[in-house]
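Presented below is the structure to which this report refers.
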Amino acid sequence: MTERAEFDATKNPESFGMAEPYYSQRWPDGVPWPDSSEHRQALLPVLPLPRTRMGSPENTMRGTLFAVAVIPVGVGLWMILWKLGWMTSIVAFLTAAGAARLYLAGSMASGSMASGSMSRRGARVVVAVTAATVLLSFLGGIWLHLTTDFTGALLMALLFGALGCFVSLRPAGRARRG
């Protein structure tokens, strides 16, 4: 007799309350019991074990020096976009992306970005480089704005200052000679 036939032959409405599963016992529709070893294997996928690193191949100082190289590029790009009147905040995004790539390129022992993983220290370096670039860029943009807008006024002030000095000091020079 099959399992299904045996189950149907001994069908008792109270049998489910006191039922004890035994090896490879199944529900009437063929689904294994919850405590069955088959069911547990079906529910729990095999997860990969985390990789253990014996020693970090990351060279933080070299990566930091590589990432700092993006600061002058970011400041220059910010000032160009500022002068053109375009949105300069895109420079912060480009700086962060560039600093991350340069940090990875510099920090890996072989110089390749094959692993593509960055430590928390590396992330802090990228954030610090990005923040420094944005701050210096903003100050540079203000300086550029002041120098371009006030250059004419500054030149006029210097011209009239020199003229005033010449007019005032000329009689003093004549009196000394004479």
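As a basis for the values below, the full set of heavy atoms in this structure was taken, side chains included, without hydrogen atoms, waters or symmetry mates.
To the nearest 0.5 Å, the span separating CH2 on Trp78 from CD1 on Ile90 amounts to 11.0 Å. Between the CH2 atom in Trp143 and the OG1 atom in Thr148 there is a gap of 9.5 Å [rounded to 0.5 Å]. To the nearest 0.5 Å, atom OH of residue Tyr103 and atom CG of residue Leu65 are 10.5 Å apart.
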Scan the side chains in residues 123-135 for donor-acceptor partners under 3.5 Å anywhere in the protein, sequence neighbours excluded, and list what turns up.
from   : atom 1 : to     : atom 2 : distance (Å)
Thr130 : OG1    : Val126 : O      : 2.8
Thr133 : OG1    : Val129 : O      : 2.8

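Between Leu102 and Phe66, the closest heavy-atom pair is O-CB, 3.2 Å. Nearest heavy-atom pair, Ser168 versus Pro171, reported as atom, atom and distance to 0.1 Å: O-CD, 3.4 Å. The two residues Thr88 and Trp82 make their nearest non-hydrogen contact at CG2-N, 3.5 Å. Met79 approaches Leu144 most closely through the heavy-atom pair O-CD2, 3.5 Å. Between Ser137 and Gly74, the closest heavy-atom pair is OG-O, 3.7 Å. In plain terms, the two heavy atoms of Arg62 and Met108 that are nearest each other are NH1-O, 3.6 Å.
By the criterion of side-chain heavy atoms lying less than 4.5 angstrom apart, applied directly or through intervening Ile, Leu, Val, Met, Phe, Trp or Tyr residues, Leu104 is not grouped with Val73; the two fall into different hydrophobic clusters. In the hydrophobic cluster analysis, where Ile, Leu, Val, Met, Phe, Trp and Tyr join through side-chain heavy atoms closer than 4.5 angstrom, Phe93 is grouped together with Val91.
Looking at residues two or more places apart in sequence or on another chain, you find a side-chain contact (heavy atoms from CB on, under 4.5 Å) between Ser89 and Met87. In this structure Leu84 satisfies the side-chain contact (heavy atoms from CB on, under 4.5 Å) test together with Ile80, Trp86, sequence neighbours excluded.
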Item to check | Audit row: Leu158, Met156, side chain to side chain contact (heavy atoms under 4.5 Å, CB included) steps and yes/no | outcome: CA-CA 5 Å; Leu158 288 175; Met156 291 298 281; over 6 Å; no
Next on the checklist: Between Val68 and Thr64, is the side chain to side chain contact (heavy atoms under 4.5 Å, CB included) condition met? List the steps.
Outcome noted: CA-CA 6 Å; Val68 166; Thr64 302; 4.2 Å; yes
